[in-house]
Amino acid sequence: RNSFRKSYQDGLPVAPLLTPAALVTSLMFLAPILFFFRFSFNHYIPGKFMETAWTLENYLEFFTDPYYHRILGRTLRIALLSTVFTLVLAFPVSSCMAKSRGRWKSFFVIALVFPMMLGSVIRGMGWIGILSETGILNKFLLEAGLIQAPMKLIYTEKSVIMGIVSIELPLMILTLETVLESINPDIELAAYNLGASYGSMFFKVKLPLAIPGILAGTSLVFVQAMNTYSTARMMGGPTIQMMATSIYTEITELSNWPAGAAMSFILLIITLAITFLYSHVLEKKYIKAMHL
């Protein structure tokens, strides 16, 4: 870092300093993708791993088999709902943090960062302890006489969404808070002085100015929700199959590497395409709002 800073201050080219790290990072990122991409064209032979070939049968099977259609649809549905719920829950907290100062601001930051230090597996185990049939919530409801039998609160799509939201919420809050804090509060006061109601001020002033934070936060949450494995495995169980858990099953349990590789590449392309389209549309609206 000191060498980079000295070179920058002296006006020296920094490309020689950045090239080794860039090459290593690119290699570590591209090598697995290219490796799996080549595997996706191989022919699967049950009991014999796979046969080297150039065939599209793995991709054709994915796009023609209703089983994979349900898995992809469930993954998209869970990812989209998780992103929307995370944004809705994060916005008021971020607004409160942006207006807080001193010790309260530090308390909010510590309270958000601490859960992020725990792995998703640990947090998933905590949710299992709360939502399972013998968990804390069912025991409380049974002892209170509110239910006669334990409710099924886990191993459902709702429980997976709940787990994803709880994991991604701190990240969304911190991302939004950074942008909301940069908004001049005088702009909101000016809107009120001009007769705007809170709803009008929020949708016509505050929300457009918060678009960069919304764009960054929702993009991160959506990508991670699309590719979640441990949360889907622990909160959804074997019945709620998503793309990541299905890829794991194809490769480790069925030894069908070509199908797993094809699904991995399809998941990557769909995630990037949706994220790019979403970012493009939102950025156009943001630029238009800023010009207005």
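Just so we're clear, the structure is a prediction, and the values are computed from it rather than from any experiment.
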Atom [atom1] of [X]: over 12 foreign heavy atoms under 6.0 Å:
{"X": "Tyr248", "atom1": "OH", "answer": "no"}
{"X": "Lys206", "atom1": "NZ", "answer": "yes"}
{"X": "Gln148", "atom1": "CD", "answer": "no"}
{"X": "Phe203", "atom1": "CZ", "answer": "no"}
{"X": "Met116", "atom1": "CE", "answer": "yes"}
{"X": "Phe140", "atom1": "CZ", "answer": "no"}

Applying the 4.5 Å side-chain criterion to the ILVMFWY set and letting contacts propagate, would [X] and [Y] be lumped into a single cluster?
{"X": "Leu30", "Y": "Val24", "result": "no"}
{"X": "Ile130", "Y": "Ile161", "result": "yes"}
{"X": "Val93", "Y": "Phe107", "result": "no"}
{"X": "Phe62", "Y": "Ile247", "result": "yes"}
{"X": "Ile173", "Y": "Ile110", "result": "no"}

Non-hydrogen atoms of [X] and [Y] that approach each other most closely:
{"X": "Gly163", "Y": "Ser166", "value": "O-OG, 2.7 Å"}
{"X": "Ser120", "Y": "Ile167", "value": "CB-CD1, 3.6 Å"}
{"X": "Met97", "Y": "Val109", "value": "CE-CG2, 4.0 Å"}
{"X": "Ser100", "Y": "Phe108", "value": "OG-CD1, 3.9 Å"}
{"X": "Met234", "Y": "Ile154", "value": "O-CD1, 4.4 Å"}
{"X": "Leu131", "Y": "Met162", "value": "CD1-SD, 3.8 Å"}

Heavy-atom side-chain proximity of [X] to [Y] below 4.5 angstrom:
{"X": "Arg77", "Y": "Leu81", "value": "yes"}
{"X": "Ile45", "Y": "His43", "value": "yes"}
{"X": "Arg38", "Y": "Thr52", "value": "yes"}
{"X": "Asn256", "Y": "Ile251", "value": "no"}

Before giving the answer on side-chain contact (heavy atoms from CB on, under 4.5 Å), spell out for Trp127 and Ser159 the whole-Å C-alpha distance, their side-chain angles and the decisive distance to 0.1 Å. CA-CA 9 Å; Trp127 277 115; Ser159 63; over 6 Å; no
Between the main-chain N or O of [Y] and the side-chain N or O of [X], is there a donor-acceptor pair closer than 3.5 Å?
{"X": "Thr178", "Y": "Leu174", "value": "yes"}
{"X": "Thr25", "Y": "Ala22", "value": "no"}
{"X": "His69", "Y": "Phe63", "value": "yes"}
{"X": "Arg74", "Y": "Ile240", "value": "no"}
{"X": "Thr75", "Y": "Met243", "value": "yes"}
{"X": "Ser40", "Y": "Phe37", "value": "yes"}
{"X": "Thr218", "Y": "Ile214", "value": "yes"}
{"X": "Asn58", "Y": "Ala261", "value": "no"}
{"X": "Ser200", "Y": "Ala196", "value": "no"}
{"X": "Asn227", "Y": "Val223", "value": "yes"}

Phe39 vs Trp257 aromatic rings, parallel, tilted or perpendicular, using cut-offs 30° and 60°? perpendicular
Under 30°, 30 to 60°, or over 60°: which ring-plane class applies to Tyr198 and Phe202, parallel, tilted or perpendicular? parallel
Can you tell me how far apart [atom1] ([X]) and [atom2] ([Y]) are? Round to the nearest 0.5 Å.
{"X": "Ile183", "Y": "Glu188", "atom1": "CD1", "atom2": "CD", "answer": "7.0 Å"}
{"X": "Thr275", "Y": "Ile270", "atom1": "OG1", "atom2": "CD1", "answer": "11.5 Å"}
{"X": "Glu157", "Y": "Met242", "atom1": "CD", "atom2": "CE", "answer": "8.5 Å"}
{"X": "Asn184", "Y": "Leu189", "atom1": "CG", "atom2": "CG", "answer": "8.5 Å"}
{"X": "Ile147", "Y": "Lys139", "atom1": "CD1", "atom2": "NZ", "answer": "12.5 Å"}
{"X": "Leu176", "Y": "Phe91", "atom1": "CG", "atom2": "CZ", "answer": "6.5 Å"}

For Ile164 and Thr86: C-alpha separation, side-chain torsions, deciding distance, then whether side-chain contact (heavy atoms from CB on, under 4.5 Å) applies. CA-CA 9 Å; Ile164 294 174; Thr86 304; 5.7 Å; no
Kindly say whether the aromatic ring centers of Phe265 and Phe36 come within a distance under 6.0 Å. no
Does the ring centre of Phe222 sit less than 6.0 Å away from the ring centre of Tyr278? no
Would Lys105 and Glu181 pass as an ion pair if we require N to O under 4.0 Å? yes
side-chain contact (heavy atoms from CB on, under 4.5 Å) between Ser82 and Glu168: does it pass, once the steps are laid out? CA-CA 9 Å; Ser82 299; Glu168 303 300 336; over 6 Å; no
Which is it for Asn138 and Met151 under the side-chain contact (heavy atoms from CB on, under 4.5 Å) test, yes or no, and what are the steps along the way? CA-CA 7 Å; Asn138 267 314; Met151 296 188 299; 3.8 Å; yes
